[in-house]
Asks: 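Pasting in a structure now, in structure tokens, and then I'll have a few things to ask.
Computation of the quantities below employed the complete heavy-atom set of this structure, encompassing side-chain atoms and omitting hydrogens, waters and symmetry-equivalent molecules. Counting convention: from 1, in listed order, for ligands and their atoms alike.
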Amino acid sequence: MLKRALKLQRDGCPQLLVKGQAFPVKRDLYLVGFGKAVLGMAAAAEEILGDHLTLGIINVPLGIQESLKRAGMEGMLLKPHSKIQVIEGAKNNLPDEEALKGAAAILELAKGLTADDLLLVLISGGGSALLPAPIPPIILKEKEKLTKMLASRGAAIQELNIVRKTLSMLKGGGLAQLAHPARVVSLILSDVIGDPLDIIASGPTAPSSHSVQDCIQILTKYNLLHDLPKSVEMVLSSSPTKPTAPENYAHVSNIILGSNTLALEEAKRQAEGLGYAALVLSAAVQGEVSRVATLYCQLIQLVCLGFASLGKGSLSDELRRNLLQLAAELHIPTLDLDEFLQALRGLGPVRPVCILAGGETTVQLQGTGKGGRNQELALRVGLGLHKAQATEASSPQRRCEILFLSGGTDGQDGPTEAAGAFCTPGLVAEALQEGLDVEAFLRNNDSYTFFRQFQGGHHLLVTGLTGTNVMDIQAILIRAMERS
Ligand SMILES: Nc1ncnc2c1ncn2[C@@H]1O[C@H](COP(=O)(O)OP(=O)(O)OP(=O)(O)O)[C@@H](O)[C@H]1O
Ligand SMILES: O=C(O)[C@H](O)CO
């Protein structure tokens, strides 16, 4: 992906070429990066830049080099004697001392640049945790606690990162401002719906459209305003009321290189290669995890109705209406459900169908269990399919084989070692035979423990860190059963 987008023109004055834009390399060329996907990006960049690269620093997740080595993905690693220093940190996607050291090194590098320097910045999701630089007197632990509390109360990534930006020296455009007057070129892999530059990794090189007032509003919404450490109160009260004006970013170019859409396109190609009729629903599925689970269950019902030649009639109309209503409630941008359902009609039952979707749900933690939004989604879909089948003996679902899978493209779902999980309509009943009560696990947000115990962990998706990060992906496989 980066190899396709980035070129170095060596004739005359060397220039970086990125998607048709040219950036002269007048003197020194530096590289910094932070995020779950920047190791592979940095390896590709170093290959392209060769001797023109002066030096680089990247902050990447703890254990990623080992994980990629184990997976035989050496191509994503830096060569021995690389000019790029790798700092691993942010275990379980939480900022830590190592990430703090990496951020300090990046800050020092940026501060010393001149107008003749070019700073290439590689940014991907996970960058927020890997670039912590709290504004003094805030200390890391205080900032971490606050973001953890916001996340567990169901704050969306936009809200989380608006708060992070206000409390950080490098986020919210801080890195770009420090690097001034150097030319800054940021290559970004998006893991946020709609690719908002100032939210992805908390927008270290993007002008922020948010003010301290927005931050205070979010803290109020989640009932945290009156519980803040003194240091955070001090920073909030001394923050400028207006964000830095966009004119002050004339030295910066932010360029999106890839996103969930690309991953879905590749997944579609793979599914078609395996004989499926594949369709992409949306790359922007968002919302509360139980509502999204209902959306998928209803969609599965509709497909099965169509497979059973029952695609017309009152049940189908009702399902269709419910589905449209739910999609509208979830505010899934760019989703044209009507058009999608139309395309579905042309498929099956001869060929099995693979419906693909991507995005990111939110989980409001109620319990103390261990899990992630993908495992919780898979478990909730399993429960929904079970209920649909149990309440209706003639459910069209019974005529289909169904598998639902949800996984994080980064290979890590919440603070667990799994990327996600898959389910079938039989999961709840089979679990019960093992003495596992799905609803009890869900009440405690304990999806990982459930999947680890159920059938010896067979339904867990364990990939290890993948070196990319473009949100989550869901795949629904549906095959009409042979009639006997
Ligand atoms: N026990 C749990 N059950 C379900 N979801 C959980 C649980 N614990 C944490 N989560 C969810 O996991 C998410 C954090 O996961 P993760 O670290 O993979 O985040 P991420 O958003 O993918 O990170 P990034 O975008 O920075 O790469 C939060 O949304 C949180 O609500
Ligand atoms: O790092 C982050 O802030 C999230 O992954 C969103 O980009």
Side-chain angles (χ1 to χ4, degrees), residues 33-38 59-62 64 90-95 99 123-132 144 147-165 168 170-172 188-204 206 256 259-260 286-290 292-293 358-380 406-421 441-452 465-473:
F34 30 83
K36 294 182 184 178
V38 303
N59 290 1
V60 297
L62 186 69
I64 190 154
K91 185 166 187 248
N92 286 336
N93 206 16
L94 294 170
I123 300 179
S124 79
S128 290
L130 281 157
L131 197 69
E144 186 198 328
T147 38
K148 248 182 166 173
M149 274 161 75
L150 277 165
S152 69
R153 291 178 190 198
I157 188 69
Q158 286 78 0
E159 297 175 313
L160 213 58
N161 284 1
I162 290 169
V163 174
R164 281 166 159 165
K165 284 196 288 184
S168 162
L170 293 173
K171 298 178 167 82
I188 303 165
L189 198 58
S190 169
D191 72 330
V192 182
I193 287 169
D195 305 339
L197 291 174
D198 64 335
I199 296 295
I200 302 163
S202 304
I256 300 264
S259 62
N260 187 270
Q286 61 181 355
E288 207 276 312
V289 66
S290 67
V292 174
E360 203 166 273
T361 63
T362 43
V363 177
Q364 215 161 340
L365 294 180
Q366 312 283 348
T368 53
K370 191 168 177 183
R373 52 179 185 257
N374 289 284
Q375 292 160 80
E376 178 141 345
L377 179 61
L379 198 51
R380 286 189 183 276
S406 187
T409 53
D410 57 11
Q412 187 182 36
D413 185 32
T416 78
E417 74 214 12
F441 280 96
L442 279 172
R443 274 195 299 278
N444 196 27
N445 297 113
D446 208 11
S447 51
Y448 173 73
T449 311
F450 169 83
F451 278 114
R452 215 190 40 206
L465 295 174
T466 59
T468 188
N469 187 12
V470 286
M471 297 192 283
D472 303 332
I473 283 192

Asks: Using 4.0 Å as the upper bound for N to carboxylate O, is an ion pair formed by Asp198 and Lys165?
Replies: yes
Asks: Write out the residue and atom name of the closest protein heavy atom to atom 6 (C) of ligand 2, then the distance separating them to 0.1 Å.
Replies: Asp191 OD1, 3.2 Å
Asks: Could you walk me through whether Leu377 and Asp472 pass the side-chain contact (heavy atoms from CB on, under 4.5 Å) test, one step at a time?
Replies: CA-CA 11 Å; Leu377 179 61; Asp472 303 332; over 6 Å; no
Asks: Is it the case that ligand 2 has an N or O less than 3.5 angstrom from some N or O of Val192?
Replies: no
Asks: What atoms in ligand 1 come closer than 4.0 Å to a heavy atom of Glu376?
Replies: 3 (N), 4 (C)
Asks: Restricting to side-chain contact (heavy atoms from CB on, under 4.5 Å), what partner residues turn up for Thr416, sequence neighbours left out?
Replies: Lys370, Gln375, Asp413, Ala418, Tyr448
Asks: With heavy-atom distances below 4.0 Å as the criterion, list the atoms of ligand 1 near Lys36.
Replies: 23 (O), 24 (P), 27 (O)
Asks: Is there at least one pair of N or O atoms, one from Asn469 and one from ligand 1, spaced under 3.5 Å apart?
Replies: yes
Asks: Using a strict cut-off of 4.0 Å, indicate which atoms of ligand 2 neighbour a heavy atom of Gly125.
Replies: 1 (O), 5 (O), 7 (O)
Asks: Could you tell me whether the side chain of Pro61 reaches within less than 4.5 Å of the side chain of Leu130, counting heavy atoms only?
Replies: yes
Asks: Flag yes if more than 12 heavy atoms outside Gln158 fall under 6.0 Å of its CD atom; otherwise flag no.
Replies: yes
Asks: Atoms of ligand 1 less than 4.0 Å from Asn445 heavy atoms?
Replies: 1 (N), 2 (C), 3 (N)
Asks: Which bit of Pro415 is near ligand 1, meaning a heavy atom under 4.0 Å away: side chain, backbone, both or neither?
Replies: side chain
Asks: Identify, for atom 12 (O) of ligand 1, the protein heavy atom at the shortest distance, and state residue, atom and that distance.
Replies: Gly414 CA, 3.6 Å
Asks: Heavy-atom contacts with Val363 under 4.0 Å: which atoms of ligand 1 show up? List them by number with element.
Replies: 4 (C), 5 (N), 31 (O)
Asks: Would you call Ala129 a ligand 1 contact, heavy-atom distance under 4.0 Å?
Replies: no
Asks: What atoms in ligand 1 come closer than 4.0 Å to a heavy atom of Asn93?
Replies: 16 (P), 17 (O), 19 (O), 20 (P), 23 (O), 24 (P), 26 (O), 27 (O)
Asks: Could you tell me whether the side chains of Ser128 and Ser202 share a donor-acceptor contact shorter than 3.5 Å?
Replies: yes
Asks: Is there a polar contact, in the sense of an N or O pair closer than 3.5 Å, between Ser124 and ligand 2?
Replies: no
Asks: Is the closest side-chain heavy-atom distance between Asp446 and Thr368 below 4.5 Å?
Replies: no
Asks: Select one of side chain, backbone, both or neither to describe which atoms of Leu365 lie under 4.0 Å from any atom of ligand 1, heavy atoms only.
Replies: side chain
Asks: Identify the heavy atoms of Thr409 and Met471 that sit nearest to each other, and give their distance.
Replies: OG1-O, 2.6 Å
Asks: Any N or O on Ser447 sitting closer than 3.5 Å to an N or O of ligand 1?
Replies: no
Asks: Which heavy atom of Gln412 sits nearest a heavy atom of Asn92, and at what distance?
Replies: NE2-OD1, 3.4 Å
Asks: For the 3.5 Å polar cut-off, considering only N or O atoms, please tell me whether Asp191 and ligand 1 meet it.
Replies: yes
Asks: Which pair of heavy atoms, one from Asn374 and one from Gly408, lies closest together, and at what distance?
Replies: ND2-N, 3.4 Å
Asks: As a check for students: among Arg373, Gln412, Glu360, identify the option with a heavy atom nearest to atom 22 (O) of ligand 1.
Replies: Arg373
Asks: Need the ligand 1 atom indices (1-based, order shown) with element for anything under 4.0 Å from a heavy-atom of Gly369.
Replies: 1 (N)
Asks: For a 4.5 angstrom cut-off between non-hydrogen side-chain atoms, does Ile200 reach Ile256?
Replies: yes
Asks: Answer yes or no: does an N/O atom from Asn161 fall short of 3.5 Å to an N/O atom of ligand 2?
Replies: yes
Asks: Flag Ile200 as yes when one of its N or O atoms lies below 3.5 Å from any N or O atom of ligand 2, and as no otherwise.
Replies: no
Asks: Within a strict 4.5 Å, meaning less than it, do heavy atoms of the Leu442 and Glu376 side chains meet?
Replies: yes
Asks: Is there a donor-acceptor pair closer than 3.5 Å between any side-chain N or O of Asn469 and the backbone N or O of Gly125?
Replies: yes
Asks: Which atoms of ligand 2 have any heavy atom of Arg164 under 4.0 Å away?
Replies: 3 (O)
Asks: Kindly say whether Glu144 contributes a backbone atom to a donor-acceptor pair with the side chain of Thr147 at under 3.5 angstrom?
Replies: yes
Asks: Looking only at N/O atoms, are Gly127 and ligand 2 under 3.5 Å apart anywhere?
Replies: yes
Asks: Could you check atom 1 (O) of ligand 2 against the protein and tell me its nearest heavy-atom contact, residue, atom and distance included?
Replies: Gly126 N, 2.8 Å
Asks: Considering non-hydrogen atoms only, spot the tightest contact between Ala155 and Thr362 and give its length.
Replies: O-CG2, 4.4 Å
Asks: State if Lys36 counts as touching ligand 2 under the rule of any non-hydrogen atom under 4.0 Å.
Replies: no
Asks: State the atoms of ligand 1, each with its element, that fall below the 4.0 Å cut-off from a heavy-atom position in Lys370.
Replies: 1 (N)
Asks: Any atoms of ligand 1 less than 4.0 Å from a non-hydrogen atom of Gly126? List them with their elements.
Replies: 24 (P), 26 (O), 27 (O)
Asks: Decide whether an N or O pair under 3.5 Å exists between Gly371 and ligand 1.
Replies: yes
Asks: Identify, for atom 3 (O) of ligand 2, the protein heavy atom at the shortest distance, and state residue, atom and that distance.
Replies: Ser128 OG, 2.4 Å
Asks: May I ask you to identify, for Leu160, whether its side chain, its backbone, both or neither come under 4.0 Å of ligand 2 on a heavy-atom basis?
Replies: neither
Asks: Report yes if some heavy atom in the side chain of Ile193 is under 4.5 Å from a heavy atom in the side chain of Asn260; otherwise report no.
Replies: no
Asks: Would you say atom 6 (C) of ligand 1 has a protein heavy atom nearer than 4.0 Å?
Replies: yes
Asks: Short list, please: which atoms of ligand 2 are under 4.0 Å from a heavy atom of Ile157?
Replies: 4 (C), 6 (C)
Asks: Write down the atom of Asn445, the atom of Gly367, and the distance for their closest heavy-atom approach.
Replies: OD1-N, 2.9 Å
Asks: I need the minimum non-hydrogen distance between Ile64 and Gly467, along with the two atoms involved.
Replies: CD1-CA, 3.9 Å
